[in-house]
Amino acid sequence: MAGALSILDRAKAAIQAFRGLDAASSTRRWREIPQPRAEASYVAAGAGIVASRASHFVLNNATGARIAQVMPDQLVGTGIVPRPAHPAENVRTGLARSFAAWIDQADADGRCDFFGIQLGLVRDMVVLGEGLGVWTADPATGAPQLRRLHPEQLDRSKSIRLDSGRLINQGVEFDAFGRVAAYWIRPSLAGDALAGLALPAERWPASDCIHMFKPLFAGQVRGLSWFAPVLMTAKTLEALIDAMLQRARVAALHTGYITNPDGEPLPYDGEQTGSDLGAVLEPGVMFTLDPGQDIKFSEPPDAGNVPAFVSSMLRMIASASGLAFEQVSGDYSQVNYSSARAALLEFRRFAATVQHQVIVFQLCRPVWRRFLLWQVLSGRISAAAFQAGKDDFLSVKWLPPKWDWVDPLKDAQAAILEIDNRLTSRAQVVAERGYDIEDLDREIAADQARMERLKITPAPKPAPGDGGAANGN
């Protein structure tokens, strides 16, 4: 009995401790929140539906279309470019030239170059939650090529346990150690006009596939649309704006009503049906009423400060998507240098995280490995040299496009101060601008040599303090 009481006491104490946290309480405000489950189960159950709704949102809503355009442009832009880091300069130069020549051959469908594939896969990741591509080879040259696929071609319905501890989860096959071994991909999307009957998924080795998504939690197998947190809010906002447009349209159709004292009908255009005259509600229309009839106008309550409310909703959507409000709305009328710089710096930290931890790791590095394999197999790189210095060949730095500055003069002066005081390197500053310092130095040297050959005198440097007016000081 004493043991039972002690168990009961411990249970009561646990309940009291549990209720001590408001966020862990079981009050009515939390009843609509689902009970704790593994996040992966939420994605497995609903990611496909969210992707479909996000696609509809992007195609039919101005805000969705704007986000789907701005986010890939900011993350990829004109392309994330490789800078080989092999210790031998001649090898670095040769690799850079070979890759530059391959860029235009990269797309198996021939619609864009490698950087266009980057942009398309990132857009798929933002809108649909994941980007999917498969490797093929150019029939004529044997050059590796990527074909961008719709992520839903990765068969979500295929989940099964195999032998020896292997399993397939939502179309992704794992080996006994939990590593991705293959992808089960349908040749076409269900419902495609030219696809005919739905064909079964085919097994593609993981080395022949690119599957890119932003992992949110451990155990995540498939990606989730970046629009997932904002779709409900965006739909509600869209309905509100549509209602306000209809309200304004009806309010503009102000109609007057005239009562004829002697009961004789006044001339009026319309379709007569018995004693009723049908007419279209148009601006300036005057209706005729029978004697004794009256009309009362509807006076709906004021909807409040709708523009401020819409702006607040847009800020919420922008914040959840990772963009600044101004980037989503296109309205920069309320920003100054300080606020714009603060917003852009915060966005750039977010963008740099996605660029290097998702895009570079899941897309760019596998592309570089595939490119090097082709170089070795085609004899452009000696197999013995590659085997002896494999790490040197694989070493590469990917440079995202440069960020535009809010105030180029101030930012340039800050960069010069950091270089002069040994707080950063010139190479780092150049890399942050999206350039390769070796290419830049060669261009500067070529410019200098050309100026000397043509006897062009360089412009005199301003004396210290001459830039005060330009700085606004």
Side-chain angles (χ1 to χ4, degrees), residues 42-43 45-80 107 109 111-112 115-133 147-154 156 186 188-193 210-216 220 222-245 310-331 347 350-351 354-355 358-359 362-363:
Y42 294 139
V43 175
I49 297 174
V50 173
S52 176
R53 291 174 178 172
S55 180
H56 180 273
F57 175 57
V58 167
L59 292 174
N60 295 278
N61 184 279
T63 301
R66 171 76 176 176
I67 296 174
Q69 178 67 43
V70 171
M71 185 65 79
D73 286 350
Q74 293 291 330
L75 294 175
V76 174
T78 54
I80 302 178
D107 183 18
D109 296 323
R111 296 189 177 92
C112 60
F115 302 127
I117 294 177
Q118 284 184 356
L119 190 68
L121 290 177
V122 169
R123 187 182 189 277
D124 288 343
M125 178 176 66
V126 171
V127 178
L128 304 174
E130 51 196 353
L132 180 64
R147 171 164 284 126
R148 176 186 170 196
L149 302 180
H150 194 288
E152 289 306 308
Q153 289 180 242
L154 184 56
R156 289 186 184 274
R186 292 191 294 258
S188 61
L189 273 177
D192 282 354
I210 297 290
H211 184 216
M212 180 175 63
F213 66 91
K214 182 182 177 184
L216 302 175
Q220 187 174 351
R222 301 289 299 268
L224 179 65
S225 170
W226 293 18
F227 288 97
V230 304
L231 281 178
M232 185 63 73
T233 301
K235 180 174 176 60
T236 303
L237 179 61
E238 183 180 23
L240 170 64
I241 293 176
D242 185 63
M244 295 309 301
L245 288 174
V310 171
S311 177
S312 177
M313 291 287 95
L314 282 177
R315 290 182 186 277
M316 183 185 301
I317 292 173
S319 177
S321 66
L323 294 169
F325 166 73
E326 290 76 18
Q327 291 175 300
V328 173
S329 66
D331 180 9
F347 172 75
F350 160 77
V354 177
Q355 287 169 341
V358 179
I359 302 174
Q362 299 183 19
L363 171 61

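These numbers were taken from a predicted model, which means no experiment stands behind them.
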**OP:** State which residues pass ring-ring contact (aromatic ring centres under 6.0 Å, His included) with Phe57; sequence neighbours excluded, sorted by chain then number.
**Re:** Phe227
**OP:** Report the distance from atom CG of Leu154 to atom CG of Leu132, rounding to the nearest 0.5 Å.
**Re:** 6.0 Å
Original post:
With Arg148, which residues qualify under side chain to side chain donor-acceptor pair (under 3.5 Å), at least two apart?
Top reply: Asp124
**OP:** Using modelled atom types only, decide if a donor and an acceptor are shared between the side chain of Gln220 and the backbone of Pro215 within a distance under 3.5 Å.
**Re:** no
Subject >> Working for side chain to side chain contact (heavy atoms under 4.5 Å, CB included), residues Ser319 and Phe325 >> reply: CA-CA 7 Å; Ser319 177; Phe325 166 73; over 6 Å; no
**OP:** Start with the C-alpha gap between Gln362 and Ile210, add the side-chain angles, then the distance that decides, and say whether side chain to side chain contact (heavy atoms under 4.5 Å, CB included) holds.
**Re:** CA-CA 7 Å; Gln362 299 183 19; Ile210 297 290; 6.0 Å; no
**OP:** Any chance you could lay out the side chain to side chain contact (heavy atoms under 4.5 Å, CB included) test for Arg222 and Phe213, step after step, and finish with the verdict?
**Re:** CA-CA 7 Å; Arg222 301 289 299 268; Phe213 66 91; over 6 Å; no
Original post:
Taking only residues two or more places apart in sequence or in another chain, which ones pass side chain to side chain donor-acceptor pair (under 3.5 Å) with Glu152?
Top reply: Arg156
Subject >> Sub-4.5 Å side-chain heavy-atom contact between Asp107 and Arg147 >> reply: no
Subject >> Val328 and Val70, any side-chain heavy atoms less than 4.5 Å apart >> reply: no
**OP:** Can you sort out the partners of Arg123 under side-chain contact (heavy atoms from CB on, under 4.5 Å), two or more places apart, ordered by chain and number?
**Re:** Val58, Ala68, Pro72, Val127
Original post:
With sequence neighbours excluded, what pairs up with Thr233 under the side-chain contact (heavy atoms from CB on, under 4.5 Å) test?
Top reply: Met313, Met316, Ile317
**OP:** Please identify each residue that fulfils side-chain contact (heavy atoms from CB on, under 4.5 Å) with Ala320, with sequence neighbours left out.
**Re:** Pro229, Val230
Subject >> For Arg315, salt bridge (Lys or Arg N to Asp or Glu O under 4.0 Å) partners two or more places apart >> reply: none
**OP:** Please name the pair of heavy atoms, one in Ser225 and one in Ala54, separated by the smallest distance, quoted to 0.1 Å.
**Re:** OG-CB, 3.4 Å
Original post:
Taking the side chain as C-beta and beyond, is there a heavy-atom pair between Ile359 and Leu75 under 4.5 Å?
Top reply: yes
Subject >> Residues which pass salt bridge (Lys or Arg N to Asp or Glu O under 4.0 Å) with Arg53, listed by chain and number, not counting sequence neighbours >> reply: none
Subject >> Contacts of type side-chain contact (heavy atoms from CB on, under 4.5 Å), residue Leu59, not counting sequence neighbours >> reply: Ser55
Subject >> Validation row: His211, Glu130 side chains within 4.5 angstrom (heavy atoms) >> reply: yes
Check: residues 235-244 side-chain donor-acceptor pairs under 3.5 Å, at least two apart:
unit_1, atom_1, unit_2, atom_2, d
Thr236, OG1, Met232, O, 3.0

**OP:** Any side-chain hydrogen bond (donor to acceptor under 3.5 Å, both in side chains) involving residues 68-77? Give me the pairs, sequence neighbours left out, ordered by first then second residue.
**Re:** Gln69-Asp73
Original post:
Which residue pairs satisfy the side-chain hydrogen bond (donor to acceptor under 3.5 Å, both in side chains) criterion with at least one member in residues 320-329, sequence neighbours excluded?
Top reply: none
Subject >> Validation row: Phe347, Leu323 side chains within 4.5 angstrom (heavy atoms) >> reply: yes
Subject >> Expected output: side-chain Asp109 to main-chain Arg111 donor-acceptor under 3.5 Å >> reply: no
